[in-house]
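Okay, so here's the structure we're looking at.
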Amino acid sequence: METERVTEFPLSHLDRRPRKRARLGWDVPQAPKAQVGMLCGQEIGNFSSFASLNAPSDQNCSSLFLKGVSRNGSPPRREDDKDGHYMFELGENLTSRYKIQSKMGEGTFGQVLECWDREKKEMVAIKIVRGIKKYREAAMIEIEVLQQLGKHDKNGNRCVQLRNWFDYRNHICIVFEKLGPSLYDFLRKNNYRSFPIDLVREIGRQLLDCVAFMHDLHMIHTDLKPENILLISSDYVKVPDYKSSSRSPKDSSYFKRVPKSSAIKVIDFGSTTYERQDQTYIVSTRHYRAPEVILGLGWSYPCDIWSVGCILVELCTGEALFQTHENLEHLAMMERVLGPIPQHMLKRVERPAEKYVRKGRLDWPEGATSRESIKAVQKLHRLQNLVMQHVDHSAGDLIHLLQGLLRYEPSERMTAREALRHPFLSRDHFRR
């Protein structure tokens, strides 16, 4: 049997503070330094999270699996593919400790595999980073963040747990606990139908608790979105969807899924940074990006809070609040839902965002790229009306909370600690 050399790394050696690096995403200009930023096997866009195990993987991934490989001991050495991805076959070993069960996802960083941990007797998710220097360096930064979070999150209730990591055949491999589906995957498989308001309350409390925890450690996540929030369990129940009451109970669409447990964990810390002055590079996935980021005014902790507000609206309605891929249209949508952007913010913009402003106001609709873009903005409702269309009770408290989370001026936006004290999230309402 071939003897395989595997370098194991004690986590205690990773005490350096992570370096700042730019985001790399589908709607962000490529930055000088590449970045991973994809903890869950999901490139910004439409890849599934690493916990989405119900979707068939063998059909989509079979072209990557090589045939005729011994399933005992170490697999034969193979060349990486042209993009530096590790080549493997289902059922073979990833070191003597882990056995590959399925492929869970793929992104810019590499691949995520579901593996059996022979030592711990449990299923885990292993992120195998591309064997390219810049991605290896980015993976090391992500490991540092995860290690620091793990030191302070003693019970492991807020963030995904880093189990282990090692360097195997020039690929950094990061081992995580296996979790349930992301909130986005749950919504998608539920035909984008909203969560019950009590579940939104419970998820919101946990999410803000995690954000407050990170901010207390002077960390900014910068990429909060439903894809990066995972349910602990995949279990769900089917309940009548009363908004579909016109349908017959014999119609499967009459019922919608509700998670059995509201417990969640936050993932994907590849974009996490420590607080610094004058951070102006682009962060966050488009739909959850704060106005100060788009306008180039500099960002800090409040950009996470804006993302949380957008996420809570999406859980209530089933759809992303700002569905756009253009900066000016995005800002116009904000004004449609939340009212005018303060003039003092528009007066501070500099290149390249100054093209979105004309004579002290947003250059809309004059600057719109098409009539379709104008229609997309005009069809949106004010925040209050949007929430009341979907929420039967607690609407007033929820609207007030959202107005605090979605304030334009970052300095006036609620902090995570302040939001946790809001009546909508008070423990009188909260229940597991």
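Numbers here are sequence positions counted from 1.
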How long is the straight-line distance from CG of Leu187 back to CG of Leu183, given to the nearest 0.5 Å? 7.0 Å
When the ring planes of Phe186 and Phe195 are compared, do they come out parallel, tilted or perpendicular, using 30° and 60° as the limits? tilted
Lys/Arg N to Asp/Glu carboxylate O, Lys103 vs Glu106, below 4.0 Å: yes
Can you check side-chain contact (heavy atoms from CB on, under 4.5 Å) on Leu224 and Ile229, steps first, answer last? CA-CA 8 Å; Leu224 293 170; Ile229 305 165; 5.5 Å; no
Indicate yes or no for a side-chain donor-acceptor contact from Ser307 to the backbone of Tyr288 under 3.5 Å, with no hydrogens or angles considered. yes
Residue pair Ala419 / Leu208: nearest heavy atoms and the distance that separates them: CB-CD1, 3.8 Å
Whether Arg136 side chain and Arg130 backbone form a donor-acceptor pair below 3.5 Å: no
Whether Glu142 and Lys127 form a salt bridge (side-chain N of Lys/Arg under 4.0 Å from carboxylate O of Asp/Glu) is what I want to check. yes
Could you tell me if Glu227 and Ser182 have a donor-acceptor pair between their side chains, going purely by distance under 3.5 Å? no
Asp304 (side chain) donor-acceptor with His221 (main chain) under 3.5 angstrom: yes
Short side-chain to backbone donor-acceptor contact, Arg163 and Val175, under 3.5 Å: no
Output yes when a side-chain donor or acceptor of Asp117 lies under 3.5 Å from a complementary backbone atom of Met123, and no otherwise. no
Please lay out, stage by stage, how Phe176 and Trp165 fare under the test ring-ring contact (aromatic ring centres under 6.0 Å, His included). CA-CA 9 Å; Phe176 299 101; Trp165 72 279; over 10 Å; no
Residues Ile311 and Pro226: closest non-hydrogen pair is CG1-CD, 4.0 Å
Identify the residue among Val337, Leu402, Leu380, Leu312 that makes a side chain to side chain contact (heavy atoms under 4.5 Å, CB included) with Leu321. Val337
With rounding to the nearest 0.5 Å, note down the distance linking CD in Glu329 to CD in Glu372. 10.5 Å
Are Tyr301 and His215 an aromatic pair by the rule of ring centers under 6.0 Å? yes
Between the side chains of Tyr86 and Gln111, does any donor sit under 3.5 Å from an acceptor? no
Ile126 versus Cys173, closest heavy-atom pair with distance: CG2-CB, 4.0 Å
Straight-line distance of Arg257 CZ to Asp235 CG, nearest 0.5 Å: 11.5 Å
Closest heavy-atom contact between His287 and Cys310? O-SG, 3.9 Å
Closer than 4.0 angstrom, basic N to acidic O: yes or no for Glu366 and Arg361? yes
Check this for me, if you would: do Lys225 and Glu314 make a salt bridge, where the nitrogen-to-carboxylate-oxygen distance has to be below 4.0 angstrom? no
Inspect the contact between Lys347 and Glu354 and indicate whether a charged nitrogen and a carboxylate oxygen are less than 4.0 angstrom apart. no
Please determine whether salt bridge (Lys or Arg N to Asp or Glu O under 4.0 Å) holds for the pair Asp216 and Arg417, giving the CA-CA distance in whole Å, both sets of side-chain angles, and the decisive distance to 0.1 Å. CA-CA 10 Å; Asp216 287 346; Arg417 292 288 176 204; 2.4 Å; yes
Under a plain distance cut-off of 3.5 Å, with no hydrogens placed, do Arg286 and His330 share a side-chain donor-acceptor pair? yes
So which heavy atom on Cys303 is nearest to which on Val293, and how close? CB-CG2, 4.4 Å
With distance as the sole criterion, is a donor-acceptor pair present between the side chains of Glu409 and Ser411 under 3.5 Å? yes
If the threshold is 4.0 Å, N to carboxylate O, is there a salt bridge linking Glu177 and Lys265? yes
Between Tyr192 and Tyr184, is a side chain to side chain donor-acceptor pair (under 3.5 Å) present by the stated rule, with each step listed? CA-CA 9 Å; Tyr192 299 99; Tyr184 173 77; 3.1 Å; yes
By the definition ring pair (Phe, Tyr, Trp, His ring centres under 6.0 Å), identify the one residue from Phe166, Trp116, Phe88 that meets it with Tyr98. Phe166
Asp223 side chain vs Ser271 backbone, donor-acceptor pair below 3.5 Å: no
Gap separating the CD atom of Glu137 from the OH atom of Tyr135, nearest 0.5 angstrom: 12.0 Å
Using 4.0 Å as the upper bound for N to carboxylate O, is an ion pair formed by Glu119 and Arg97? yes
Check: Gln206 side chain, Glu202 main-chain N or O, donor-acceptor pair, under 3.5 Å: yes
Any donor-acceptor pair under 3.5 Å linking the side chain of Lys355 with the backbone of Pro352? no
CG/Asp363 to CG/Leu346 distance, rounded to the nearest 0.5 angstrom? 11.0 Å
Donor-acceptor contact present, side-chain Gln323 to main-chain Ala320, <3.5 Å: yes
Check the pair Leu179, Val160 against side-chain contact (heavy atoms from CB on, under 4.5 Å), reporting the backbone distance first and the verdict last. CA-CA 8 Å; Leu179 299 171; Val160 66; 3.8 Å; yes
Give the C-alpha distance, both sets of side-chain angles, the deciding distance and a yes or no for side-chain contact (heavy atoms from CB on, under 4.5 Å) between Leu94 and Tyr168. CA-CA 8 Å; Leu94 186 69; Tyr168 182 72; 3.6 Å; yes
Just by distance, no angles: are the side chains of Thr369 and Glu326 close enough, under 3.5 Å, to form a donor-acceptor pair? yes
Within a radius of less than 6.0 Å around CE of Met345, do more than 12 heavy atoms belonging to other residues, nucleotides or ligands occur? yes
Rounded distance (nearest 0.5 Å) linking atom OG1 of Thr280 with atom CH2 of Trp299: 9.0 Å
To check you understand the geometry: which heavy-atom pair defines the closest contact between Asp83 and Ile132, and what is its length? O-CD1, 3.4 Å
Would you find a donor on one side and an acceptor on the other, under 3.5 Å apart, between the side chain of His422 and the backbone of Glu418? no
